[in-house]
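Heads up, the thing below is written out as structure tokens.
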Amino acid sequence: MEKYDPNTIEKKWQKIWEESKTHQAADFSKKKKYYCLDMFPYPSGEGLHVGHWRGYVFSDVWSRYQKMRDKNVLHPIGFDAFGLPAENAAIKTKMHPKTHIKETISRFEKQLKDIGAMYDWSREVITSEPEYYKWTQWLFLQLYQNGLAYRDEAFVNFCPNCQTVLANEQVKGGLCERCDSIVQKKKLKQWFFKISKYAQQLLDGLHKIDWPERVKLMQRHWIGKSEGALVKFKIVNCKLKIENCFIDVFTTRPDTLFGVSFLVLAPEHELTTKITTVDKAKSVEKYVREALKVSEIDRSNLQREKTGVFTGAYAINPITKSKIPIWVADYVLSNYGTGAIMSVPAHDQRDFDFAKKFNLPIIQVISAPSKKQKSEKTWESDGIMINSGQFNGINSQQAKSAITEYLEKNKLGISSVNYKLKDWLISRQRYWGAPIPIIYCRKCWELKTKNEKRKTDFTIIDGKEYAIIPVPEEQLPVLLPEKVDFKPTGESPLARTEEFLNTKCPKCKGPAKRETDTMDTFVCSSWYFLRFCDPKNKKKFADKTRIKYWMPVDFYVGGIEHATMHLLYARFITHALHSLGLLDFNEPFLKLYTIGMIYLHGAKMSKSRGNIISPDEIIQKYGTDTLRGYELFVGPTDEDSEWNVNGVNGVYRFLQKVYTLVADFKEAKSSVPMEQQTHQLIKRYTDDLLRLNFNTLISHLMSFVNLISKKEAPPTGVGGIFSSLGRAKEDKNQCSKFQIETLIKLLSPIAPHLAEELWQKIGNEQSVFESGWPSYDQDKIASDTMTLVIQVNGKVRDTIVIKKNDSKANIIDMAIKRQDVQKWIVGNKIKKTVYIPFKLINFVV
RNA sequence: GGGCAGGUGGUGAAAUUGGCAAACACGCUAGCCUUAGGAGCUAGUGCCUGAAUAAGGCUUGUGGGUUCAACUCCCACCCUGCCCACCA
């Protein structure tokens, strides 16, 4: 008996695959294309653990299946190599990020090659290579030239630990997504991408993509569309220019306009200081100063008591014409709506709390259904309008549009849509990223005529204006200099590098300064799937016809943590490039599959917790195929699962069993043993595969192998999925070639090395992956006899074997006569008989 | 506070979507083999009552409902995880 030696087999086949270039995808083919993509990893010094492997195995099984379905499969891999993790690790190990990343990538490459996946390594991309980031910079320029990238001063998120600003998406619950530090608000001049312009498109696009509902929902929430009205409140005794004497307010409840008893401005609101009366100036100034010091998490703490201060100013309610006070309070957010609200304490809990605390009037304008209303509470739902002049008596839902119409007619407001989605802040004060290809030129600014000086075209550095000059495309890439003191200080390390900072203006050829911030790594990863279509292209980000052939990605596999980061950014960039006429589709990923996390001892695997299982050791002991098998077997791939160290051995035992079964295989003398079961196996396996239930695939194979290695038929009715079909009576290892070939083919996506070896062993010269997917014959699955369950009052009392063509009356008669059935119905009258053909009979007594 | 998942043996889980709950594995028990076993093979293994391989009862978070029949559908509640969170 030969022994299963995974390490020899796996080395052998990996070498053969590599030498024959079998995994290289051909651009253009008569075959149908299939683009299956993993979210490419960022190489960290920690290496991959079995949790990371899960997704790679999953996508590879799917890719190999597609290949056996005769598709032209593109299954590429690369590295998201710029960014904080790499840079921080480099600082820690006192290495240059470039050297560090080189080492970690080569470690990752080895680990990824160990998977035995059908990656096309000839297309590998590394985002920190100039050949790649040249096009990331080019992308920036496309957006800039089309008004989709701009530099502006705003209150932004700053991580004091990472020493850089962050995008909204990278702040989770007031903490830095990377390092969990408390994020501070700072007013800074930064680069933004205008993702907000695409809010509606990004919302609409969700309808046409096959993504998990959970992810779509997260994106919908993040985009956060609200419909309502913008209402103008005129400021009383305003000393500003007349057009500035209004406070704009966004509300989703125009129906409550008669109930507005005061306005509240956010501390950051530009009018706050301008409208404050002299006698209140001191207290308002103090309040604003203190409010800006409070961190975002403290500020958004719901338990916190409301604070605020009166500005001394008043406004006019546009509909009631009554004079209402204007307050400042930090419960109003500056970055949502207009940064100012109309307060309706009777119908909003927050306004109610504020009104109670500062003793402000509460005006009820919607009557709640009598019983539901309690005196001390607000009523936030619909009801009948009261205290609302001509709108009294109608439903508050109708009042919404009626009042909005009234406002529009009288030029006091307009209906309006608001989104939570804010523009994407993409500049970073860190070293290890793609330099922003922008130059600031003082001379060009001075040369401009007065009416050419638009706000978007200049920036202020050290109190002086500079013209913003994009680096011309032919000068790309703007190389990231290597000799840099890259220690993060909150200011860009590149600003300390004179030879980078000082440059020549491409327009006027005079001395100029470079932008010294680098781009958020998420910019690099928001277009890499396009580069895989044509990774070596030196003239374009990718050739148009190649993109047309391969894109969009058919199947995208990765973690759910990117739901409102990478997956949103990549969609935005694709939508943007589409609107610029550079792509003829706008959704990059047709189908998305999210991988669940692997837990060990009830906790997420992580180095800091010390509960990491490394694939390397498992491979050494059991081989890659076993690990691949267990990664699937551990549980449903889209759910979190607990890793069981012993479970791996079960898969190993199974593969060993398959190996000996095939190695000792003697063709059966009898016609075709267990033909029916084999067809049934193909059906069950393929059905589960198509439903992406990969965790049950091996179970089916195990059941099948258990069945064919039985020596004798066990008594009928004993467990197992094939029990109703009877068992083999042939001697052990007397199989048909059909049976063995089917087994190997079905096993091949999961255990490709073993499958290739066994395929060769039974006399095939071509690869098993060229052999096509087995098909089943429905007629051969159907059986002449079936096991029918007999219930009495819903309880199983017996089973009988019936023939396909037995009549209903005949079957009921047979069933009723059974001893185990008689026992329960004797002496009772049968009230009802339920017969479900080929399934069961239920007698109700 | 809002939203979304999920809750099945000692463990990971399965159930063709309303039709035999616990497939397949892990673990455990017994036996065989072995100098030895963290190897292999064979058998058993949801829980309770029973000497039993007799017979019966119970069981999918809890409580109700619909149905001949519910892990599956409906209602209420409890617990766990995730996302968002003073978003006007």
Side-chain angles (χ1 to χ4, degrees), chain A residues 172-174 212-215 217-222 224-226 228 249-253 256 264 297 299-304 306 329-333 335-344 347-351 353-354 380 418-420 560-561 563-564 597 599 630 633-636 638-651 653-654 656-657 683-684 687-688 691 693 695-704 706 711 717 719-724 787-799 823 831-836 838-845:
Chain A
K172 304 280 170 189
E213 270 313 309
R214 197 160 47 131
V215 179
L217 209 63
M218 279 164 79
Q219 292 210 348
R220 274 193 200 104
H221 283 322
W222 190 259
K225 182 178 182 176
S226 310
V249 154
F250 174 75
T251 180
T252 53
R253 297 293 306 272
T256 62
V264 188
I297 358 176
R299 191 164 161 184
S300 63
N301 183 355
L302 285 153
Q303 316 304 328
R304 202 165 145 254
K306 297 267 179 299
D330 68 359
Y331 82 93
V332 175
L333 305 173
N335 58 1
Y336 183 76
T338 62
I341 61 151
M342 56 179 228
S343 252
V344 188
H347 304 290
D348 183 285
Q349 188 61 48
R350 298 155 300 181
D351 297 344
D353 295 343
F354 194 80
E380 298 188 342
N418 206 8
Y419 300 92
K420 286 186 204 169
I560 195 161
E561 66 274 17
T564 54
M597 229 112 63
Y599 284 72
Y630 187 68
F633 192 72
V634 67
D638 55 354
E639 289 171 26
D640 295 345
S641 298
E642 171 78 21
W643 191 263
N644 181 347
V645 180
N646 294 317
V648 181
N649 200 38
V651 176
R653 275 205 278 259
F654 164 69
Q656 213 164 26
K657 219 165 165 179
K683 179 174 164 47
R684 286 177 200 274
D687 285 354
D688 269 355
R691 271 184 271 142
N693 293 342
N695 54 321
T696 52
L697 296 180
I698 300 190
S699 305
H700 295 316
L701 297 178
M702 284 171 169
S703 295
F704 186 72
N706 288 347
K711 275 183 183 161
I721 59 164
F722 300 99
S723 60
S724 63
T787 306
L788 190 82
V789 170
I790 309 168
Q791 298 181 332
V792 179
N793 283 345
K795 282 192 176 144
V796 180
R797 296 303 180 186
D798 202 1
T799 59
K823 209 160 72 186
K831 287 186 210 141
K832 192 171 180 181
T833 303
V834 181
Y835 174 66
I836 310 293
F838 303 108
K839 279 193 175 149
L840 58 68
I841 297 180
N842 191 10
F843 295 112
V844 185
V845 296

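It should be emphasised that the depicted structure is a prediction, and the values quoted were computed from it without experimental measurement. Here is the naming used below: chain letters follow the sequence lines, and residue numbers restart at 1 for every chain.
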Problem - Candidate nucleotides G56(B), A13(B), A88(B), ranked by approach to the side chain of S641(A) - the nearest - result: A13(B)
Problem - Mate of A54(B) where both pairing distances stay under 3.5 Å, Watson-Crick or G-U - result: none
Problem - In G50(B), glycosidic geometry as syn within 90° of 0 or anti otherwise - result: syn
Exercise for the section: Output yes when R214(A) and D638(A) qualify as a salt bridge under the 4.0 Å nitrogen-oxygen rule, no when they do not. Expected result: no
Completion exercise
Pairing partner of A14(B), by Watson-Crick or G-U wobble and under 3.5 Å for both distances, is none
Fill in the blank from the handout: Taking a pair to mean Watson-Crick or G-U wobble geometry with both distances below 3.5 Å, C82(B) pairs with G3(B)
Exercise for the section: Test T833(A) against I841(A) for side chain to side chain contact (heavy atoms under 4.5 Å, CB included), laying out the working first. Expected result: CA-CA 7 Å; T833(A) 303; I841(A) 297 180; 4.0 Å; yes
Handout entry: G-U wobble or Watson-Crick pairing nucleotide for U72(B) (cut-off 3.5 Å, both distances)
Key = none
Handout entry: side-chain N/O N706(A) vs A25(B) OP1/OP2, d < 4.0 Å
Key = yes
Exercise for the section: Tell me what L217(A) touches on the nucleic acid: a base, only sugar-phosphate, or nothing, going by heavy atoms under 4.0 Å. Expected result: sugar-phosphate
Fill in the blank from the handout: Mate of A88(B) across any strand shown (Watson-Crick or G-U wobble, both atom pairs under 3.5 Å) is none
Exercise for the section: Identify whether any heavy atom of S226(A) sits under 4.0 Å from a base atom; if not, whether one sits that close to sugar-phosphate; answer base, sugar-phosphate or nothing. Expected result: sugar-phosphate
Handout entry: R220(A) side chain near G3(B) phosphate (N/O to OP1/OP2, under 4.0 Å)
Key = no
Exercise for the section: Would you please confirm or rule out a distance under 4.0 Å between OP1 or OP2 of A23(B) and any side-chain N or O of T696(A)? Expected result: no
Handout entry: Polar pair under 3.5 Å, donor/acceptor by atom type, side chain K831(A), base C68(B)
Key = no
Handout entry: Salt-bridge criterion met for K683(A) and D687(A) (N-O under 4.0 Å)
Key = yes
Exercise for the section: Would you classify K172(A) as touching base, sugar-phosphate or nothing, given that sugar-phosphate means primed atoms plus P, OP1 and OP2, and contacts are heavy atoms under 4.0 Å? Expected result: sugar-phosphate
Fill in the blank from the handout: For C28(B), the nucleotide meeting Watson-Crick or G-U wobble distances (both under 3.5 Å) is G44(B)
Problem - Short side-chain N/O contact from N695(A) to OP1 or OP2 of A14(B), under 4.0 Å - result: yes
Handout entry: Polar pair under 3.5 Å, donor/acceptor by atom type, side chain N842(A), base C68(B)
Key = yes
Practice task
If G9(B) has a Watson-Crick or G-U wobble mate with both distances under 3.5 Å, name it; if not, just say none.
Solution key: none
Problem - Pair assignment for A39(B), Watson-Crick or G-U wobble, requiring both distances under 3.5 Å - result: none
